[in-house]
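The block underneath contains the structure these notes are about, expressed in structure tokens.
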Amino acid sequence: MADNKRRCLFIDRDGTMIKEYPPTYQIDYFNKLSFYPEVFRYLGKIAQEMDYELVLVSNQDGLGTAKFPEKDFTPVHRLIMETFAGEGIIFANELIDRSMPEDGLDTRKPGTGMFGAYLGSEDYDMPHSYVIGDRVTDVQLAKNLGCGAIWLKNNPTLGGAEVKDDEAELAKVVALETQHWRDIYEFLRRQERSAVHTRKTSETQIDIRINLEGAGKSVISTGLGFFDHMLDQVARHGGMDLHIDVRGDLHIDEHHTIEDTGIALGEAFAKALGNKRGIERYGFALPMDETEAKVLLDFGGRNWIVWNAVFRREKVGDLPTEMFFHFFKSFSDAARCNLNIECRGDNEHHKIEAIFKAFAKALKMAVRKDPLNDQLPSTKGVL
């Protein structure tokens, strides 16, 4: 996620928060009002558990004219918004266009005329924001805003006449197609537990993408074969997706590449963990042939490392064994976590691999989040 920037959910009203009412699609009487199934439960969880800013976006054809008087719209709309607010779902802004399609105004979705405060501001992270809507125009709006689309696809023919892009172009924007708010919540929760992070110095440039809710897939390129193999263990046994690309000054030695990767990986974990609510926090010991490795970990917000592992060889593969302590120390400092690492055995390769596997399992255990628990795992009230 982009640092210190706000992400938005631009949410359509009719067909998304409330049900459509054909043939006029105007919710101008209370007896036409019914809410979309499970919207309160799952949009409420999104509002409570995640840091998206909620923005209502709606086309209301001819609002304020004789075709759709304010007196017919306002009482029903007020009830809708007050009902959501009563469930803890607060919208930071309401963007409502009143024009007709034939007016051709840029303020009408999928135009972006109402979005100047978002497109023209450095405060908002549009690439990691989403439009949630039921019409093709909502997907087009997402494309025009440069964000993702979550298509609540209950009537895909609606709004198609106002869209000029072909289906293949729009498909590139759609991050999720569904008819259920539960799917939207689960999708956003997965995104919430991911991070994109770059660390650049005069000695290295490191690009990392991490998804704590992944499937153990990795693409690792550090320029050091044995190090790549160890970092792959972190993804595979940690049950997370991990992409790491490192360009370092290996013509000097391995030090900066390994140290800065540890720092960058720790920083990425700190970003992906976010507010840490609901996580297990602690985590693992495992055997590997003759070797026993123990990694105790605490994402408690304070860095500390205890290291009890001795290597008799100067190098394993292309890595100096002295750098393994340095890697984990760098991770601990950047992730603000405690690490207590202990290993005993005879084979140096087995010992190092066992440590990385135990580290991966400790990470998996500690970052696990209970979707039914939003409590901070601390009596201090902060981690």
Side-chain angles (χ1 to χ4, degrees), residues 6-101 103 105 107-111 113-115 117-118 129-138 141-142 149-155 158-159 162 178-185 188 374:
R6 285 176 279 175
R7 298 169 298 161
C8 291
L9 297 180
F10 300 104
I11 305 176
D12 175 49
R13 193 192 77 160
D14 302 353
T16 305
M17 295 165 55
I18 62 175
K19 290 185 178 180
E20 296 272 21
Y21 199 92
T24 64
Y25 296 99
Q26 290 181 346
I27 310 299
D28 46 8
Y29 294 101
F30 288 105
N31 63 2
K32 291 183 177 181
L33 175 61
S34 61
F35 293 95
Y36 202 97
E38 296 192 308
V39 63
F40 291 114
R41 178 179 182 183
Y42 289 108
L43 184 52
K45 286 174 71 66
I46 291 168
Q48 180 183 22
E49 298 174 18
M50 305 178 197
D51 64 353
Y52 290 99
E53 185 172 299
L54 306 184
V55 180
L56 180 135
V57 187
S58 183
N59 290 343
Q60 295 294 327
D61 296 0
L63 178 59
T65 69
K67 293 181 178 179
F68 195 4
E70 291 271 7
K71 65 179 180 63
D72 294 340
F73 169 81
T74 301
V76 182
H77 179 68
R78 184 181 296 122
L79 175 63
I80 293 169
M81 302 310 290
E82 289 177 351
T83 304
F84 276 95
E87 297 297 321
I89 303 165
I90 309 297
F91 285 82
N93 200 1
E94 296 181 29
L95 305 177
I96 298 176
D97 179 70
R98 299 161 172 258
S99 69
M100 298 294 291
D103 296 334
L105 298 183
T107 53
R108 181 180 177 83
K109 294 187 298 180
M114 296 191 293
F115 294 83
Y118 303 94
S129 297
Y130 294 93
V131 174
I132 305 177
D134 65 313
R135 299 193 178 212
V136 182
T137 45
D138 296 309
L141 174 63
I150 296 176
W151 194 358
L152 205 55
K153 198 172 181 180
N154 49 58
N155 197 337
L158 290 176
E162 296 185 56
T178 183
Q179 294 183 8
H180 305 288
W181 267 99
R182 177 176 180 173
D183 294 339
I184 296 175
Y185 164 73
L188 291 174
D374 193 43

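Between atom CG of residue Leu43 and atom CD of residue Gln48 there is a gap of 12.0 Å, rounded to the nearest 0.5 Å. Rounding to the nearest 0.5 Å gives a distance of 8.0 Å between CG of Asp134 and CG of Asp14. For the atom pair Leu141 CG and Asp12 CG, the distance stands at 9.5 Å (nearest 0.5 Å). Summarising the geometry, atom CH2 belonging to Trp181 is positioned 8.0 Å from atom CE belonging to Met17; distances are rounded to the nearest 0.5 Å. Rounded to the nearest 0.5 Å, atoms CG (Leu105) and OG1 (Thr107) are 4.5 Å apart. Between the CD1 atom of Ile96 and the OG atom of Ser99 there is a distance of 12.5 Å, given to the nearest 0.5 Å.
Using a 4.5 Å cut-off on side-chain heavy atoms (C-beta onward), Asp138 and Lys109 make contact. A heavy-atom distance below 4.5 Å is found between the side chains of Tyr118 and Leu95. The shortest side-chain heavy-atom distance between Ile150 and Val131 does not fall under the 4.5 Å cut-off. Put simply, the side chain of Phe73 does not reach to within 4.5 Å of the side chain of Ile27, judged on heavy atoms.
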Set out, in order, the CA-CA distance, both residues' side-chain angles and the distance that settles side chain to side chain contact (heavy atoms under 4.5 Å, CB included) for Leu56 and Met81, then state yes or no.
CA-CA 10 Å; Leu56 180 135; Met81 302 310 290; 3.7 Å; yes
In sequence, state the C-alpha distance, the side-chain angles, and the governing distance for Thr83 and Ile89, and then conclude on side chain to side chain contact (heavy atoms under 4.5 Å, CB included).
CA-CA 9 Å; Thr83 304; Ile89 303 165; over 6 Å; no
Going through the distances and angles, do Gln60 and His77 end up as a side-chain hydrogen bond (donor to acceptor under 3.5 Å, both in side chains)?
CA-CA 11 Å; Gln60 295 294 327; His77 179 68; over 6 Å; no
Could you go through Tyr185 and Glu49, starting from their C-alpha distance and side-chain angles, then the distance that decides it, and tell me whether this counts as side-chain hydrogen bond (donor to acceptor under 3.5 Å, both in side chains)?
CA-CA 10 Å; Tyr185 164 73; Glu49 298 174 18; 2.7 Å; yes
Verify ring pair (Phe, Tyr, Trp, His ring centres under 6.0 Å) between Phe84 and Phe35, making sure each step is shown before the conclusion.
CA-CA 10 Å; Phe84 276 95; Phe35 293 95; 5.7 Å; yes
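A distance-only check finds no donor-acceptor pair linking the side chain of Trp151 to the backbone of Thr178 [under 3.5 Å].
The shortest heavy-atom contact between Val39 and Thr16 is CG2-O, 4.3 Å. Scanning all heavy atoms of the two residues, the minimum distance from Asp28 to Val76 falls at C-CG2, 4.2 Å. The two residues Val55 and Cys8 make their nearest non-hydrogen contact at CG2-SG, 4.4 Å. Closest of all the heavy-atom pairs between Lys19 and Pro37 is CE-CD, 3.9 Å. The shortest heavy-atom contact between Ala47 and Leu54 is CB-CD1, 4.3 Å. Considering every non-hydrogen atom in both Pro69 and Leu63, the closest pair reads O-CD1, 4.4 Å.
No salt bridge links Glu20 with Arg13; every basic N to acidic carboxylate O contact stays at or beyond 4.0 Å.
Residues forming a salt bridge (Lys or Arg N to Asp or Glu O under 4.0 Å) with Asp97 (at least two apart in sequence, or on another chain): none. Evaluation of the side chain to side chain contact (heavy atoms under 4.5 Å, CB included) rule for Gln179 yields Tyr36 as partners, not counting sequence neighbours.
Counting only residues at least two apart or on different chains, the salt bridge (charged side-chain N to carboxylate O under 4.0 Å, His left out) pairs with a member in residues 58-83 are Asp61-Arg108, Glu70-Arg98.
A centroid separation of 6.0 Å or more is found between the aromatic rings of Phe10 and Tyr130.
Judged by a 6.0 Å distance limit and a 45° cone about the ring axis, Arg182 is not positioned over the six-membered ring of Tyr42.
In Lys32, the NZ atom is crowded: over 12 heavy atoms of neighbouring residues, nucleotides or ligands sit closer than 6.0 Å.
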